[in-house]
Amino acid sequence: MQQEPNHRQSSAPIESEPAVEADKVPGDNSAQGQNLISAAGKQLLTFAIVAVVGLLVTMFLLDALAGLTSSQSTVSSSAIDYENNEITSHLRDEPPQMNSMRSTDSISGQVLNHVMEGLLRYDEYGDLVGGVAERWALDGNVMTFHLRENARWSNGEAVTAHDFEFAWKNVLAPSTGSQYAFILYPILNAEAANNGEVPLDDVGVQAVDDFTLEVTLETPIAYFDRMVAFVTYMPANEAFYEQTNGRYGADADELLYNGPFMIESWVHGASMRLVKNPYYWDKERIRLDAINFAHMTSDPNTLLNLFKDEQIVMTNLGSQMLEEAMFQGWQIDRFMEGTVWYIEFNHRDGRLTTNKNLRMALTLAQDPGELVNRVIKLPGYLPGESLFPVWLQGKERPFRQEHPAPVYERNIELAREYLQKALDEMELEELPPLALLTGDSPNARMQAEYYQEVFQRNLGIDVVIDAQIFRQRLDKMTSGEFDLVMAGWGPDYNDPLTFADLFASWNLNNRGRYSNPELDAQIRIAQSSLDTGERMQAFAEIQRIIHEDVVIMPNYERGYVYVTHPELKGMLRRVIGAETDFTYAWIDGARDDRSGGDNDNQQGGE
């Protein structure tokens with residue numbers, strides 16, 4: 001999943017988690033008011049008083065109206081509200097796409113994994129367990145899911161096999177334009193339908209009855225059950241979807257929920273409040289009554305201050321925060337989130353970066369170890385070597401142990417030779433400035449400036465930094481408005497294929513539009529083979545091709561150093577699924593309603 005720059009998946013061009021700027025406070029106009037009074041006398045003073053009173057009344061009315069438009073919800077100002085069994089946290093940015101059939105990013109995925117549920121999910125131990133499906137079986141190339149009859153939407157209607165069939169076929173519909181349609185390609189005729197070659201009715205997913213979903217695969221594969229836990233495989237109620245008139249997922253009341261929580265209010269760009277879903281089939285497992293994402297920012301100083309003031313329950317720490325955290329005596333934890341970060345080159349026709357010698361020159365002029373150790377300076381980060389992170393499992397040992405990643409060592413003299421070859425091939429005397437697209441967070445800018453300085457110092461190449469908020473950055477990546485982009489990718493499911501097919505010619509998350517028939521052929525082997533050794537060899541070939549063709553410039557594998565409120569228990573940090581998972585969390589010392597009765601927030605239920 002695309003990481004917010006960065007979420008994870010995820011991704012994330014380099015900690016390019018975009019920060020939201022604080023509102024500007026208008027300047028003090030009191031001196032100007034005194035001049036006006038002395039010049040105009042008592043009459044104007046009276047008018048001024050009336051105007052001030054009017055302004056105050058207007059502000060009061062606007063504040064009241066704002067309360068109404070946010071579903072009359074109250075967002076706690078404290079990290080933990082013991083009386084109401086609620087916590088307050090933050091999101092790194094505004095979720096760009098809450099329609100699970102079109103979502104591609106880790107921030108939206110973070111929320112979707114709290115408010116929606118697919119056929120399967122991951123439990124507190126990271127094991128795959130039943131979600132809406134209570135049991136499932138693979139027979140040859142047919143997988144059958146048997147759904148729970150007590151699974152409900154937040155309007156009380158049953159979640160049925162028809163909801164999954166509708167959602168999956170809608171993902172594949174060419175008119176939807178889902179960038180994640182490729183993840184359904186293991187299903188029979190899914191790729192052909194997505195390309196408009198066969199009707200959607202030919203896709204191998206069928207609701208046999210309300211609670212039986214039958215999925216026919218192109219070929220038997222052993223990892224399909226891991227894929228259906230991903231957000232693109234989540235259900236959608238067709239009748240409700242049609243009622244939204246194209247705005248499905250655009251606001252709190254334009255989503256129907258079947259997960260542990262519901263979005264009660266969503267103030268765009270500012271906050272989001274989740275409340276416990278009284279219709280969720282496993283609601284007794286959920287111990288929190290509400291989660292207030294009262295802040296949408298990735299600014300490290302803002303988050304540190306919010307945590308110090310006990311206004312949020314957790315925050316990641318930047319290198320400059322570690323000393324403060326130790327001084328405060330906070331418990332510091334580490335988490336290797338599983339994502340890889342890299343600079344992706346634009347391989348579209350007409351871009352300078354289609355020249356392999358230029359890509360080689362840029363790669364040889366920099367050093368991921370320097371970036372990690374001298375610029376980022378955080379425990380848990382690993383210098384980037386491959387598209388495949390170190391935690392992926394191979395046949396018998398970790399994949400990277402069985403198939404070590406080939407790497408380019410920094411060699412400035414050789415880099416300059418490659419640059420001259422590139423200039424000769426492009427018939428240029430000097431290279432025009434290159435556009436580096438990145439996020440607008442302090443960390444993203446810091447890393448972009450590192451590359452800007454390195455390429456200028458070592459190669460004499462000018463780099464123009466194009467820093468954008470998360471949504472705008474994703475839009476520019478999709479439209480190809482960059483030469484280089486700082487990007488990140490996190491796993492969608494637990495198999496090396498979740499990284500291996502990223503640069504397939506048919507994958508729309510391949511933002512630089514790299515295309516190589518040799519790479520595509522190896523991906524097809526990895527997709528279809530049942531032989532683990534053959535699959536791992538295909539992944540090794542993919543790793544080699546990406547290295548030799550300089551498809552990307554690896555930066556790092558990201559780890560987090562973070563702190564949590566001591567009274568918050570059970571919060572999970574995940575490599576697969578929601579990066580921060582509160583669905584198993586509870587407040588130490590708060591009341592626990594699981595032993596009897598609905599909680600105060602519930603409006604009914606089964």
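Computed from a predicted structure; not experimentally measured. Atoms considered below: every heavy atom in the structure, side chains included; atoms not considered: hydrogens, waters and symmetry mates.
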Aromatic contact between [X] and [Y], with the criterion being ring centroids under 6.0 Å apart: yes or no?
X	Y	result
F455	Y451	yes
Y257	F240	no
F164	F166	no

Verdict with reasoning, L317 to Y560, per side-chain contact (heavy atoms from CB on, under 4.5 Å):
CA-CA 7 Å; L317 299 175; Y560 282 136; over 6 Å; no

Taking the side chain as everything from C-beta on, heavy atoms only, tell me whether [X] gets closer than 4.5 Å to [Y].
X	Y	result
D163	E238	no
V551	H347	yes
I183	Y493	yes
I80	H565	yes
F499	I542	no
V563	T315	yes
Q366	L371	no
R102	Q179	no

If the condition is side chain to side chain contact (heavy atoms under 4.5 Å, CB included), which residues does [X] pass it with, not counting sequence neighbours?
X	answer
A167	M101, A236
N155	W153, E157, L256
N346	R348, R351, T353, F482

Heavy-atom closest pair, residues L568 and A585:
CD1-CB, 4.0 Å

Taking every heavy atom of L172 against every heavy atom of N194, the minimum-distance pair comes out as O-ND2, 2.9 Å

Would E579 and R573 satisfy salt bridge (Lys or Arg N to Asp or Glu O under 4.0 Å), going step by step from the backbone distance to the final call?
CA-CA 5 Å; E579 176 200 291; R573 305 301 299 266; 3.1 Å; yes

Going by the side-chain hydrogen bond (donor to acceptor under 3.5 Å, both in side chains) test, which pairs reach into residues 246-255, not counting sequence neighbours?
R247-E254, D251-H268

With sequence neighbours left out, what residues match D282 under salt bridge (charged side-chain N to carboxylate O under 4.0 Å, His left out)?
R121, R285

Counterpart residues, salt bridge (charged side-chain N to carboxylate O under 4.0 Å, His left out), relative to D466 (two or more places apart):
K476

Check this for me, if you would: do E264 and K276 make a salt bridge, where the nitrogen-to-carboxylate-oxygen distance has to be below 4.0 angstrom?
no

Salt-bridge contact R273-E86 (side-chain N to carboxylate O under 4.0 Å)
yes

